[in-house]
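Each chain gets a letter, A, B and so on, in the order the sequences are listed, and its residues count up from 1.
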Number of protein chains: 2
Amino acid sequence: MPRSRKPGLAEVAARAGVSLATVSRALSQPKMLQAETLKRVHEAARELGYRPNRKASALASGRSRTVGVAVPTLNSAIFAEALQEIQRTLYEEGYQLLVASHEYDPLAESVAIGELVSHGVDGLIVVGGERLRATWDSVEAAGIPLVQMWCGVDRFDCVGIDNVHAGWLIARHLIDLGHSRIGVITGHQRHNDRQRGRLRGIRNALSEAGFALPGAHVSEQALSVGSGRLGCATLLELSERPTAIIGAVDLLAIGAAIEAQGRGLVVPDDISFAGIDNLEFSAHVAPSLTTVEVPSAEIGARSARHMLDLLRNPEPKGHVTLPVELVVRRSTRPPPRA
Amino acid sequence: MPRSRKPGLAEVAARAGVSLATVSRALSQPKMLQAETLKRVHEAARELGYRPNRKASALASGRSRTVGVAVPTLNSAIFAEALQEIQRTLYEEGYQLLVASHEYDPLAESVAIGELVSHGVDGLIVVGGERLRATWDSVEAAGIPLVQMWCGVDRFDCVGIDNVHAGWLIARHLIDLGHSRIGVITGHQRHNDRQRGRLRGIRNALSEAGFALPGAHVSEQALSVGSGRLGCATLLELSERPTAIIGAVDLLAIGAAIEAQGRGLVVPDDISFAGIDNLEFSAHVAPSLTTVEVPSAEIGARSARHMLDLLRNPEPKGHVTLPVELVVRRSTRPPPRA
DNA sequence: TTGTATGCGTTATCAG
DNA sequence: CTGATAACGCATACAA
């Protein structure tokens with residue numbers, strides 16, 4: 001066997017008959033070299049099967065060409081869509097993705113972000129704008145660009161949507177149909193500004209219309225189909241049963257509708273259901289789900305692009321708010337005449 | 001402001017009145033130090049807000065405490081489940097995840113894996129066992145542990161399932177119900193050994209029973225609900241329409257069933273549908289989907305644990321095959337009497 | 001048990 | 001344009 005260990009800049013340099021420094025330049029600042037030299041170096045590198053060692057490069061240059069992403073969970077259609085786009089976009093520019101998840105736990109997020117920073121990520125992408133003071137501190141101490149997704153605090157960049165408006169839109173739709181007794185199944189409000197925003201929007205629409213949203217009409221659940229069923233079960237047992245139920249995310253709405261159907265109710269004749277997110281699935285369930293389109297994939301793509309901008313020039317670029325839009329399908333209709 | 005730049009081992013050492021090396025040890029091999037010294041160092045580190053610089057640590061030690069994962073796509077319930085568990089498991093042991101996706105493109109996978117290796121990952125987790133020769137070469141050249149998920153070639157470790165058996169199981173179920181004219185919607189066979197295995201299993205069951213699976217009864221599609229609908233549309237237009245349709249993944253089966261229902265067919269009275277994967281969703285669609293349970297999350301968890309073992313001791317540990325199991329629900333029943 | 005000194009593979013700063 | 005050479009921040013063999 002010819003070579004046993006991995007070749008480094010030194011080996012390439014020797015083979016090309018130039019200095020180590022020249023090889024380094026050939027690989028990172030090609031235009032700085034003579035065409036002739038450049039060719040020799042590239043050839044030598046190829047022949048030796050040279051692979052740059054990013055760890056060393058990162059240490060010497062301070063930049064690692066990695067971006068850290070901390071999401072609540074990887075196991076979510078929403079975040080998966082966004083992540084896929086983030087990965088694709090960053091990858092095109094030669095960046096690798098370092099991912100962490102924290103299960104909606106602020107402390108875990110703090111540790112995770114600290115870990116990402118320790119690993120020397122050049123930038124950080126996170127979800128939402130609510131986090132521990134200590135987390136913000138360590139982000140600022142790191143001195144690297146930050147992009148918040150979905151929503152975020154003013155002083156850092158953000159690519160997201162108006163969650164309040166999304167909530168308002170879907171509630172308004174039901175109100176317009178004639179509903180006044182509306183139930184809501186939402187994710188946990190604590191530590192989740194997206195969910196809080198959506199609920200607030202729903203509240204706003206209701207109160208604008210002169211209707212109330214009693215605490216009993218709001219069921220806080222985990223974010224899964226099963227939890228949607230649970231939440232629906234609770235709401236259906238109210239003495240004054242709602243004529244429509246909003247799931248603050250489609251997953252909950254879909255679970256809820258399934259539960260109602262399981263109990264013999266006809267959707268939307270007996271009761272309406274609506275969500276927020278517009279999952280691919282929501283168009284295919286029976287009946288298809290009325291919802292609010294939230295461009296998850298685009299949030300991911302734009303966040304990544306935003307990050308690339310910041311990496312090039314660290315000046316904050318502010319907030320980007322993507323439009324959301326009501327998507328009316330078959331799961332909603334006017335309430336049955338009492 | 002007291003300190004402007006980030007403290008390093010040197011600063012901590014100075015403050016604790018020990019040598020740089022001692023601090024290094026205090027953080028990585030605590031048991032090597034006197035309790036008293038250890039305490040002093042930790043205190044100094046805490047007071048200075050010391051954060052280890054993994055880039056430097058990686059370069060000096062050769063180990064980066066990162067694991068690379070290359071999946072076809074992040075935007076898939078299956079891979080998302082597995083990834084979540086991988087992340088959770090590795091994270092507990094202090095490892096970070098470097099993820100890449102390649103859209104089922106072998107060349108892209110090759111580049112992605114090369115990139116991960118360049119970044120110095122300590123181990124590699126991939127999906128399936130089919131990849132370019134060049135990719136295998138670079139994996140071997142890297143000299144780091146590899147774990148294949150779902151299925152893989154013999155000479156590298158693998159945590160997966162028997163895809164052939166999964167296909168066999170679901171086909172056998174339909175055959176047992178009395179079906180003989182079965183249609184299949186599968187993902188692209190090329191570059192996807194999981195899909196090939198499943199189709200082969202289906203073929204085996206059919207031929208064991210003395211039935212044929214004509215080419216026209218197999219529709220190759222992308223892996224999405226929409227593609228399932230498409231595939232179903234094709235199969236329904238055959239002169240000898242199948243009495244049952246298998247989706248090689250639940251996503252396809254669900255899409256197919258939706259398409260059939262959209263065309264006025266009653267499932268399962270007019271036509272049966274079955275899948276493989278057992279997505280959370282599959283239990284909730286109407287009618288609930290008969291399928292084969294594939295423990296995606298466990299594949300992820302066990303792969304990660306397997307990787308941790310390999311990281312500790314690089315001796316290959318062979319293949320782990322997790323059991324799959326038929327889950328009979330409401331979407332299948334005997335064919336209608338002609 | 002602790003300190004000293006060297007090197008990890010690149011980048012970047014100076015000269016030449 | 002190219003060649004020496006000093007960091008980068010930490011791990012570790014070796015010495016004490």
Problem - Spacing of B:Arg54 atom CZ relative to D:dG9 atom P, expressed in whole Å - result: 16 Å

Problem - Spacing between B:Arg40 atom CZ and C:dT1 atom C1', to the nearest angstrom - result: 13 Å

Problem - Interatomic distance, B:Tyr50 OH vs D:dG9 P [rounded to whole Å] - result: 10 Å

Handout entry: Check: B:Arg15 and B:Glu43 side chains under 4.5 Å, non-hydrogen atoms
Key = no

Problem - Atom pair CG/OG of B:Leu74 and B:Ser101 - distance to nearest 0.5 Å - result: 4.5 Å

Handout entry: Rounded distance (Å) that lies between atom P of C:dC8 and atom NZ of A:Lys6
Key = 15 Å

Handout entry: Length of the CZ-P vector between B:Arg65 and D:dA11, whole Å
Key = 11 Å

Problem - Presence of A:Ser24 side-chain N/O under 4.0 Å of C:dT10 phosphate oxygens OP1/OP2 - result: no

Handout entry: Gap between atoms CG and P, on B:Leu9 and C:dT4 respectively (whole Å)
Key = 15 Å

Problem - Short side-chain to backbone donor-acceptor contact, A:Asp122 and A:Val67, under 3.5 Å - result: no

Problem - A:Arg155 atom CZ, neighbour heavy-atom count above 12 within 6.0 Å - result: yes

Exercise for the section: For B:Val23 and for B:Ser61, locate the closest nucleotide of DNA chain C by heavy-atom distance; then report the residue assigned to the nucleotide nearer the 5' terminus. Expected result: B:Val23

Handout entry: Under-4.0 Å side-chain N/O to phosphate OP1/OP2 contact, B:Ser57 with D:dG9
Key = no

Completion exercise
When rounded to whole Å, the CG to P distance for the pair B:Leu59 and C:dT11 reads 12 Å

Exercise for the section: Anything under 30° is parallel, anything over 60° is perpendicular, the rest tilted; go ahead and classify B:Phe79 against B:Trp150. Expected result: perpendicular

Practice task
Name the nucleic acid region contacted by B:Glu36, choosing base, sugar-phosphate or nothing; use a 4.0 angstrom heavy-atom cut-off, strictly under.
Solution key: nothing

Handout entry: For atom CG of B:Asn53 and atom C1' of D:dA11, their distance in whole Å
Key = 13 Å

Practice task
Please check the phosphate of D:dA11 (OP1 and OP2 only) for any side-chain N or O of B:Gln29 closer than 4.0 Å.
Solution key: no

Exercise for the section: For the residue pair A:Glu130 and A:Gln148, confirm or rule out a side-chain donor-acceptor distance under 3.5 Å. Expected result: no

Problem - Atom pair CG/CG of B:Leu38 and B:Leu27 - distance to nearest 0.5 Å - result: 9.0 Å

Completion exercise
For nucleotides 2-7 of chain D, 5' to 3', base contacts (B), sugar-phosphate-only contacts (S) and non-contacts (-) with protein non-hydrogen atoms under 4.0 Å give BBB---

